[in-house]
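Here is the structure we will look at.
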Amino acid sequence: MKTYKIIISGGGTGGHIFPALAIGKLLEKKIPNIKILFVGAKGRMEMEKIPKEGYEIKGLWISGFQRRITFKNILFPFKLIHSIYMANKILNKYSPDLVIGTGGYASGPLLYMAAYKKIPSIIQEQNSFPGITNKILSRHVNKICVAYNDMEKFFPKDKICFTGNPVRNQILNFSDKRVEGIKYFNLDPSYLTVLVIGGSLGALSINNTIHKNIDFFKKESINLIWQTGISFLDKAKNVVKEIDLPNINAYNFIQHMDLAYAAADIIISRAGAIAISELCCVGKPVILIPSPNVSENHQYKNAQSLVNKNAALLVEDSKASCKLVVKLLELINDSEMRASLSKNILALGVTDASNQIVKICSKIIKYEIK
C-alpha cells in the first residue's frame, strides 16, 4: 500500500498554526496510510506547538522583511537564500506527494521550491487581501483555498476554491459547555462575561485599554476573561490582584478556548483571519480592533467585511483607549443589538472548511476518500 507524504508549512502566529494542524489532523483521519511533516520558522511558536501535538517539524532560518529601517533587514537576503536551500534539501529528502502552505515566514521558500520542482502544492489563503508572496506563488501552485469571495482580482480564477478557513474542532463543539466554562474561569453566573483576546501573541493597545479601565468591570459587575499574551501578563496580574475579585482574571494564553467562548457573552478581539473564522462559528457579539501592524492592512479589511454585514462592531486601534469602553458599555446596555450581531455573524460561519480542503488534497494526490 502506498504511503502518501505531505508537507504542511505554516506558523508565526496561532492564525497560521491552527489551520495547519486542523488540516493535518483531518488528513490523518481520512487517509490512514499517510506521513505528515511540518515546516516552520526557527524561533517561532510553531517549533513548540507542533511537537506538542505529536508531529515532526523542521525549522527554516527565516523571518519577515521589516518595513521600518532596521539592522535585521541586512540579514533578510541571507536568511531567504539559506531557507530556499534548506527547503530544497527537505523536499529532496522527503519526496512529498503534496505541499500545503497556510501562511507564515516558512511557507514562501517551501512553496517556491515545490513549484520549481513541480511538486503539487496548495495555498490556504486566510485573508480577504493576500500578501505579495501568495500573489506571486499563486501562478505556480495547483489550487488556492480561500475564505472570502471576489478573490479573482488577486489569484487565477481557475485555481480558486472557496472553502472557508479551518476552525479548531474544539471550537465547533463548544455550545453545550457554558456551565463548565463559567465554573472553569470562576465566573459569577449572574453577570455578563466579556472575553478579551488580542491574538496568540497579545495586543498592546487592547491590553493597555483594559488595564486602564479595569475598575469599569468591577463597577459594572462584569466577568472578565482577559488573554494578555506573555509580555503583558505581569502587568495585568498586578492590576487584577488589586481588584481582588474572583470573576476578573488575566491569562497569558487560554488553552481551553472552547470553554472561554462558551462562557462569553461579548468578545473583544483582533481581526486576524482565523480569529474571525472562529468568531463566525461561535456566534457571539464581537467588537473587533484590527491590528495596524500587518501587511496590506488586511485585519482592517477582514473586520470591515463583517461590519458591512452588520455582524460586528469595529474600533480602530489608534482610538481604542478612548472608544473601546464606550462601545462596550453601549453593547452591554443594548440586548437587541447583541442579539442582532450574534445572529448575523453566526450566519457567516463555515464549519466544514477542513473537510473541503482535505477533499481537494485527496484529488490532487489521487486518493479516493471513502
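What you are looking at is a predicted structure, and each value in this text was computed from that prediction instead of being measured. Along the sequence shown, the residues carry numbers beginning at 1.
The side-chain heavy atoms of F38 and K58, taken from C-beta on, include no pair separated by under 4.5 Å. Using a 4.5 Å heavy-atom threshold, the side chains of L224 and L245 count as separate. At least one side-chain heavy atom of Y261 sits under 4.5 Å from a side-chain heavy atom of I197. In this structure, K327 and L331 have side chains that are not in contact, with every pair of non-hydrogen atoms separated by 4.5 Å or more.
Nearest approach of A312 to L341, heavy atoms of both residues: N-CD2, 3.5 Å. Annotation for F129 and K135: closest pair CE2-NZ, 4.0 Å, computed over non-hydrogen atoms. Listed here is the closest heavy atom pair of P32 and Y367: CD-OH, 3.5 Å. A271 and A303 make their closest contact through CB-CB, 3.9 Å (heavy atoms, listed as atom of the first residue, atom of the second, distance). A353 approaches P166 most closely through the heavy-atom pair CB-N, 3.6 Å. Taking both residues in full, the closest heavy atoms of I289 and Q299 are given as O-OE1, 4.4 Å, listed atom of the first, atom of the second, then distance.
Residues L348 and L346 fall into different hydrophobic clusters, defined by Ile, Leu, Val, Met, Phe, Trp and Tyr side chains chained together at heavy-atom separations under 4.5 Å. Hydrophobic clustering (ILVMFWY, side-chain heavy atoms < 4.5 Å, transitive): V240 and I243 are in one cluster. Taking hydrophobic clusters as Ile, Leu, Val, Met, Phe, Trp and Tyr residues chained together by side-chain heavy-atom distances below 4.5 Å, I57 shares a cluster with L27. Under the 4.5 Å side-chain heavy-atom criterion for grouping Ile, Leu, Val, Met, Phe, Trp and Tyr, V239 is connected to V325 within one hydrophobic cluster. By the criterion of side-chain heavy atoms lying less than 4.5 angstrom apart, applied directly or through intervening Ile, Leu, Val, Met, Phe, Trp or Tyr residues, I369 is grouped together with I34 in one hydrophobic cluster.
Under the 3.5 Å distance criterion, the side-chain polar atoms of N173 are matched with a main-chain donor or acceptor of N169.
Partner of C361 under the side-chain contact (heavy atoms from CB on, under 4.5 Å) criterion, chosen from I357, I364, I365: I357. Between Y112 and the options L137, N88, L80, a side-chain contact (heavy atoms from CB on, under 4.5 Å) holds for only L137. Under the ring-ring contact (aromatic ring centres under 6.0 Å, His included) rule, Y251 has a single partner from F185, W226, F232, which is F185.
Sorted by first and then second residue, the side-chain hydrogen bond (donor to acceptor under 3.5 Å, both in side chains) pairs involving residues 330-339 (not counting sequence neighbours) form an empty list.
A donor-acceptor contact closer than 3.5 angstrom links the side chains of N308 and Q304. Between the side chains of N207 and K235, no donor-acceptor pair is found at a separation under 3.5 Å. Side-chain contact, Y148 with E125: no donor N or O sits under 3.5 Å from an acceptor N or O. Q126 and N302 form no side-chain donor-acceptor contact under 3.5 Å, judged by distance and modelled atom types alone.
Note on K143 versus D158: no salt bridge recorded, every NZ/NE/NH1/NH2 to OD/OE distance being 4.0 Å or above.
In this structure, K49 has no salt bridge (charged side-chain N to carboxylate O under 4.0 Å, His left out) partners at least two apart in sequence or on a different chain.
No more than 12 heavy atoms of other residues, nucleotides or ligands lie within 6.0 Å of OH in Y116, so this atom counts as exposed by the packing criterion. Within a 6.0 Å radius of CZ in F155, more than 12 heavy atoms belonging to other residues, nucleotides or ligands are found. At most 12 non-hydrogen atoms from other residues, nucleotides or ligands lie less than 6.0 angstrom from NZ of K30. Crowding of K2 atom NZ: a count of heavy atoms from other residues, nucleotides or ligands under 6.0 Å exceeding 12. Within a 6.0 Å radius of NZ in K284, other residues, nucleotides and ligands contribute more than 12 heavy atoms. Dense packing is recorded around NZ of K159, with more than 12 heavy atoms of other residues, nucleotides or ligands lying under 6.0 Å away.
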Practice task
Starting from the C-alpha separation in whole Å, work towards a yes-or-no answer on side chain to side chain contact (heavy atoms under 4.5 Å, CB included) for I332 and E220.
Solution key: CA-CA 10 Å; I332 288 167; E220 297 293 332; 5.6 Å; no
Practice task
Kindly determine whether D265 and R178 satisfy salt bridge (charged side-chain N to carboxylate O under 4.0 Å, His left out), including the steps that lead there.
Solution key: CA-CA 10 Å; D265 295 291; R178 182 169 176 84; 3.1 Å; yes
Exercise for the section: Apply the test side-chain hydrogen bond (donor to acceptor under 3.5 Å, both in side chains) to residues D188 and N247: give CA-CA distance (whole Å), side-chain angles for both, the deciding distance (0.1 Å), then the verdict. Expected result: CA-CA 6 Å; D188 187 324; N247 63 303; over 6 Å; no
Exercise for the section: Carefully, step by step, assess T228 and N252 under the rule side-chain hydrogen bond (donor to acceptor under 3.5 Å, both in side chains). Expected result: CA-CA 5 Å; T228 64; N252 73 308; over 6 Å; no
Exercise for the section: Dump the intermediate steps for side chain to side chain contact (heavy atoms under 4.5 Å, CB included) on Y300 and D317, then the final yes or no. Expected result: CA-CA 10 Å; Y300 184 86; D317 186 84; over 6 Å; no
Practice task
Start with the C-alpha gap between K25 and K29, add the side-chain angles, then the distance that decides, and say whether side chain to side chain contact (heavy atoms under 4.5 Å, CB included) holds.
Solution key: CA-CA 6 Å; K25 287 179 178 180; K29 186 177 179 181; over 6 Å; no
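To the nearest 0.5 Å, atoms OG (S9) and CD1 (I123) are separated by 11.5 Å.
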